[in-house]
Amino acid sequence: MPDSLSASSINLSSDAEPVFFGWKNVGLLFGVYMLAVGFVYYSFNVIFPEMVTRMDWSRGDASWGQTVHGLLYGVFVPFAAFSVNKWGARATILAGIVVLIIGCILLGTVTTSITAWIIIWGVVMSFGFAFGGVIPIQTTIAHWFEQHRATAIGLVMTAAGVGGFIAQPLFTWIMGTSGDWQAAWLIASAFAMASIILAAFVVNKPADRGQQPDGVLHDASSAQKPRARAKIYKTSECWSLREAIRTPTLWLLVVLSLGGVMPLYLLVVHGVLHLRDLQFQPMEAASVLSAMLAGSACARFPIGWLGDRMEPRRILFSLFICSIIALTLIWQAPNISLLLLAGAMFGAAYGGTLVMIPAMVANYFGAQSFASINGFIFPLQIVVSSMVPVGAGYMADVSGNYDTAFVAIIGFTGVAAVCALFTRPPLKAVA
């Protein structure tokens with residue numbers, strides 16, 4: 001009897017399903033994204049205007065830093081996707097964070113001219129964000145989740161909004177107390193350093209832990225069980241990049257990506273300057289952007305949850321309409337109360353697009369193709385969007401306001417809303 005009990009215990013132990021690591025990965029990536037992107041990238045929103053003011057730079061000339069940043073980010077993203085496919089997401093993230101730390105230290109020590117600013121923010125930091133940010137993080141989530149993919153992406157993407165929400169007033173206070181924008185960049189480097197510890201524990205794919213996506217064991221018996229009819233389209237095919245490029249769906253996704261990112265670039269680079277031109281106080285302007293990031297943080301998870309239950313293209317249409325309303329309010333800036341509401345509304349809309357579009361890429365083209373196809377969409381999105389900051393900056397230098405920039409961006413967001421309704425799952429060409 002003791003021997004049989006012992007054998008039974010051993011069998012139960014050996015057959016026990018290991019704890020699914022996917023949600024632990026979500027927690028690790030949440031921390032990485034919050035510290036390395038939320039606290040570092042979104043600190044730019046309030047540090048950059050202070051640099052322009054203190055250094056007496058032209059807004060148009062200084063905006064080249066963000067434009068070069070975006071252009072080179074678009075160049076580096078395919079290399080980040082290659083790195084993910086070749087060496088894995090964890091190694092790619094760690095390399096990117098190390099470069100971010102170096103860049104922040106350089107910004108806080110040797111940046112004394114526009115040339116230095118453009119080189120460090122435009123070249124060094126763009127490499128760091130490409131390798132340490134969205135591509136490897138979202139690719140990891142796409143591998144670990146299928147049924148709960150949008151929910152998991154929403155959770156992780158919330159992190160940047162949380163970090164940015166804290167960073168806006170924090171770095172404004174740091175600069176106001178110390179009177180030094182360079183100290184802010186050095187503190188940002190400390191947040192990036194903290195993210196390395198978390199990144200070291202990320203696991204690239206379920207197979208690395210002997211697990212399956214969503215923690216579901218696909219054995220013969222489960223395969224025979226009828227599956228509930230899926231409400232959301234998720235392809236069982238694997239698309240190559242060459243096949244995807246030939247579909248209208250991919251190019252509509254590019255337009256949707258632009259509709260989400262172009263307004264963000266306008267507000268991130270020029271939002272504080274626009275509101276200060278309208279006689280709002282620096283902390284009030286920072287509070288609007290902080291509300292934007294709070295709205296983004298709060299919306300990403302519930303919208304991700306909804307994206308696993310409703311077709312993402314329909315959600316995107318609603319998000320773009322909200323973005324148009326919010327942009328109009330920020331442009332006209334009637335009072336601080338409506339501005340805070342508009343900031344939160346725009347943030348929720350942007351946060352939702354940040355979750356829905358990568359979910360659509362994985363749903364329509366497959367998780368195995370995610371890094372390659374997202375690595376194609378991102379450069380196009382970033383290259384075009386990078387023209388927004390410098391264009392808006394020079395318009396403001398000439399006209400003294402951002403009216404033309406807001407009208408153009410609001411118009412394009414309307415185009416993206418229409419395109420969302422026409423985005424359908426792609427069909428492979430019949431050989």
Side-chain angles (χ1 to χ4, degrees), residues 41-42 44-49 51-52 57-77 114 117-118 121-123 125-126 129-130 133-134 160 164 253-277 285 288-289 292-293 296 319-320 323-324 326-333 342-343 346-347 349-351 353-354 357 377-417 419:
Y41 183 80
Y42 287 114
F44 165 88
N45 297 18
V46 292
I47 301 175
F48 174 72
M51 295 172 70
V52 171
W57 289 344
S58 160
R59 296 183 186 186
D61 292 342
S63 296
W64 275 107
Q66 179 66 10
T67 295
V68 172
H69 177 102
L71 291 172
L72 290 184
Y73 183 87
V75 171
F76 292 139
V77 158
I114 286 183
W117 161 247
I118 291 173
W121 181 258
V123 181
M125 298 296 282
S126 62
F129 286 122
V134 170
L253 285 169
V254 171
V255 175
L256 300 184
S257 298
L258 290 172
V261 173
M262 288 172 66
L264 177 73
Y265 270 42
L266 175 63
L267 296 181
V268 165
V269 180
H270 294 287
V272 170
L273 292 170
H274 165 63
L275 295 178
R276 289 175 68 170
D277 286 347
V288 173
L289 292 187
M292 179 181 82
L293 293 167
S296 178
L319 294 174
F320 284 131
S323 181
I324 290 171
L327 286 168
T328 302
L329 286 172
I330 294 172
W331 169 32
Q332 296 299 314
F346 174 81
Y350 168 72
T353 63
L354 194 64
I357 292 172
I377 293 174
F378 254 73
L380 295 178
Q381 166 194 302
I382 298 300
V383 166
V384 176
S385 298
S386 296
M387 297 296 105
V388 172
V390 69
Y394 282 124
M395 288 176 190
D397 286 337
V398 172
S399 65
N401 59 61
Y402 291 96
D403 290 354
T404 304
F406 271 100
V407 169
I409 292 299
I410 290 170
F412 187 85
T413 306
V415 172
C419 288

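The shown structure was predicted, so the numbers you read here are calculated from the model rather than taken from an experiment. Hydrogens, waters and symmetry mates are skipped; everything else that's a heavy atom, side chains included, is used.
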Could you tell me the separation between the [atom1] atom of [X] and the [atom2] atom of [Y], rounded to the nearest 0.5 Å?
X: Trp117; Y: Met51; atom1: CH2; atom2: CE; answer: 4.5 Å
X: Ser58; Y: Ile114; atom1: OG; atom2: CD1; answer: 6.5 Å
X: Phe412; Y: Cys419; atom1: CZ; atom2: SG; answer: 7.5 Å

Are [X] and [Y] close enough that some pair of their side-chain heavy atoms sits under 4.5 Å apart?
X: Phe406; Y: Thr328; value: no
X: Val75; Y: Pro379; value: no
X: Pro263; Y: Tyr350; value: no
X: His270; Y: Val388; value: no
X: Thr67; Y: Met387; value: yes
X: Leu256; Y: Leu253; value: yes
X: Tyr394; Y: Asp61; value: yes
X: Phe48; Y: Val268; value: no

Nearest heavy-atom pair of [X] and [Y]: which atoms, and what distance?
X: Ala62; Y: Val52; answer: CB-CG2, 4.0 Å
X: Pro49; Y: Arg276; answer: CB-NH1, 4.3 Å
X: Met125; Y: His69; answer: C-CE1, 3.9 Å
X: Val407; Y: Trp331; answer: CG2-CH2, 3.6 Å
X: Gly351; Y: Ser296; answer: CA-OG, 3.5 Å
X: Ala405; Y: Ala392; answer: CB-CB, 3.9 Å

Under 3.5 Å, side chain of [X] to main-chain N/O of [Y], donor-acceptor pair present?
X: Trp64; Y: Ile118; result: no
X: His274; Y: Asn401; result: no
X: Thr413; Y: Ile409; result: yes

Q) Can you check side chain to side chain contact (heavy atoms under 4.5 Å, CB included) on Leu289 and Val272, steps first, answer last? A) CA-CA 8 Å; Leu289 292 187; Val272 170; 3.4 Å; yes
Q: Determine the interplanar angle of the Phe129 and Trp121 rings, folded into 0 to 90°, and report it as parallel if under 30°, tilted if 30 to 60°, perpendicular if over 60°.
A: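 Ring orientation, 0 to 90° scale: perpendicular.
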Q) Under the side chain to side chain contact (heavy atoms under 4.5 Å, CB included) criterion, do Ser399 and Thr404 qualify, and how do the steps go? A) CA-CA 9 Å; Ser399 65; Thr404 304; 5.6 Å; no
Q) Passes side chain to side chain contact (heavy atoms under 4.5 Å, CB included), Leu267 versus Leu327? Steps please. A) CA-CA 9 Å; Leu267 296 181; Leu327 286 168; 4.0 Å; yes
